[in-house]
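The block underneath contains the structure these notes are about, expressed in structure tokens.
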Amino acid sequence: MPDVIRRPALYVVATPIGNLADITLRALDTLRSVDLIAAEDTRVTSRLLAHFSIDKPVLALHQHNERKATSRLIGALKDGHAIALVSDAGTPVVSDPGANVVAMVRAEGFPIIPIPGPSALAAAWSVAGLTDPGFLFKGFLPARSGERRKVLQALSALPYALVFYEAPHRVVDAVRDLAQVLGAQREAVVARELTKLFESVHACPLGELEAWLEADENRRRGEFVLIVAGAAEQAPERAVGENALRLLLEELPPAQAARLASRLSGVSRSDLYELAVRLKDTA
Ligand code: SAM
């Protein structure tokens with residue numbers, strides 16, 4: 001039974017991430033029933049609409065015109081219209097534009113209704129096979145290695161799996177930084193081209209992932225979700241040692257910092273020295 005479309009309202013509609021058959025019945029009903037569709041890229045959305053024989057006005061709403069386009073949407077809502085917001089693929093707002101639109105429409109007091117469906121994040125996590133108690137979705141990491149390593153450093157002690165989106169031209173560099181900052185032993189999953197012809201999901205220790213990607217150029221093509229298992233729970237003395245080491249490294253060279261942190265915590269000096277060198281390298 002199709003929903004009765006509410007007017008005025010903003011519908012946030014998920015669309016396929018590859019396989020068009022993944023569109024939901026509610027998404028189709030909604031796109032057929034609204035008065036206007038706000039789209040990240042009108043050409044991409046027009047192709048989707050044409051595939052399902054949907055003929056609706058489409059308004060461009062992307063990060064460069066978000067404020068102006070949202071004012072138009074709010075005008076249309078004030079005129080009593082129902083509007084759908086879509087992105088190029090997957091769920092709007094998930095590493096896609098839309099958060100400001102939702103906030104501004106909410107501030108005006110209009111109903112905002114999610115039409116859930118595909119997202120690369122949920123699809124990848126569902127087949128990752130990691131048993132962490134939860135995950136942190138980071139989306140895209142910074143493009144530059146220095147900034148990327150800083151972000152990873154801040155995430156490195158979390159006991160949750162980390163989920164990243166990555167572009168094909170950066171995937172090898174990103175994987176190298178992931179292994180160096182988070183450690184080669186962690187389990188990693190690379191989910192590529194989900195729901196598409198060349199879909200693949202590969203799991204291996206993080207330290208082996210760069211070589212796996214380099215072994216075949218097809219493995220570096222397409223769209224990627226990278227997932228890395230969270231930090232293993234640490235013995236209390238290890239946590240004391242690592243915290244002390246991080247502080248000492250701000251003032252001292254690695255060997256001295258490792259020696260003092262080892263005396264404070266009882267963790268072996270060589271272990272802490274190895275970590276100190278890694279931390280200095282990624283600083
Ligand atoms: N809103 C989308 C969602 O819900 O997943 C994500 C949009 S974001 C701009 C695009 C990124 O999502 C890609 O660079 C890739 O990292 C990931 N992605 C999208 N489709 C994918 C697919 N079919 N397989 C793997 N990753 C995908």
Side-chain angles (χ1 to χ4, degrees), residues 10-24 26-27 30-31 37-45 47-48 51 60-66 84-103 112-130 135-144 148 151-152 155 161-175 177-178 188-203 209 212-213 216-228:
L10 176 70
Y11 287 84
V12 182
V13 181
T15 58
I17 56 168
N19 190 327
L20 294 184
D22 287 336
I23 198 157
T24 69
R26 270 187 93 205
T30 305
L31 293 173
I37 298 172
E40 184 185 3
D41 182 333
T42 53
R43 289 161 306 178
V44 173
T45 297
R47 280 199 294 275
L48 178 80
H51 180 85
L61 196 159
H62 42 71
Q63 59 183 36
H64 305 296
N65 75 347
E66 203 173 25
L85 173 70
V86 298
S87 61
D88 288 355
T91 301
V93 186
V94 178
S95 285
D96 263 340
N100 290 324
V101 182
V102 170
I112 303 162
I113 301 162
I115 305 293
S119 180
L121 158 67
W125 179 247
S126 73
V127 294
L130 296 180
F135 62 79
L136 182 139
F137 175 59
K138 182 66 190 80
F140 291 100
L141 283 163
R144 295 154 75 105
R148 189 160 57 217
V151 170
L152 291 174
L155 301 175
L162 304 172
V163 184
F164 306 99
Y165 283 169
E166 199 44 272
H169 60 281
R170 277 203 297 264
V171 70
V172 173
D173 291 346
V175 159
D177 284 346
L178 284 167
V189 177
V190 51
R192 190 175 71 85
E193 293 289 88
L194 295 172
T195 79
K196 303 188 209 177
L197 188 59
F198 296 109
E199 173 180 283
S200 77
V201 179
H202 177 74
L209 201 47
W212 184 82
L213 287 168
D216 179 349
E217 68 177 297
N218 289 322
R219 295 177 182 167
R220 306 190 293 274
R221 293 206 167 115
E223 300 197 275
F224 292 86
V225 183
L226 301 173
I227 306 183
V228 182

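Read the numbers this way: they start at 1 and go in the same order the structure lists the ligands and their atoms.
Two residues are said to be in side-chain contact when any heavy atoms from C-beta on lie closer than 4.5 Å; V163 and V225 meet this criterion. Using a 4.5 Å cut-off on side-chain heavy atoms (C-beta onward), L162 and L178 make no contact.
Partners of R221 according to the side chain to side chain donor-acceptor pair (under 3.5 Å) rule, which considers only residues two or more places apart in sequence or in another chain, are E217, N218. Residues satisfying the ring-ring contact (aromatic ring centres under 6.0 Å, His included) test with H202, not counting sequence neighbours, are W212.
Using a 4.0 Å heavy-atom criterion, the residues that approach ligand 1 are I17, A89, G90, T91, V94, S95, D96, S119, A120, F140, Y165, E166, A191, E193, L194, K196, E223, F224, V225.
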With a 3.5 Å cut-off and sequence neighbours excluded, list the donor-acceptor pairs that the side chains of residues 165-174 form with protein atoms.
unit_1 : atom_1 : unit_2 : atom_2 : d
Y165   : OH     : L121   : N      : 2.9
E166   : OE1    : R170   : NE     : 3.3
D173   : OD1    : R176   : NH1    : 3.2

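G90 and I17 get closest at one heavy-atom pair: CA-CG2, 3.6 Å.
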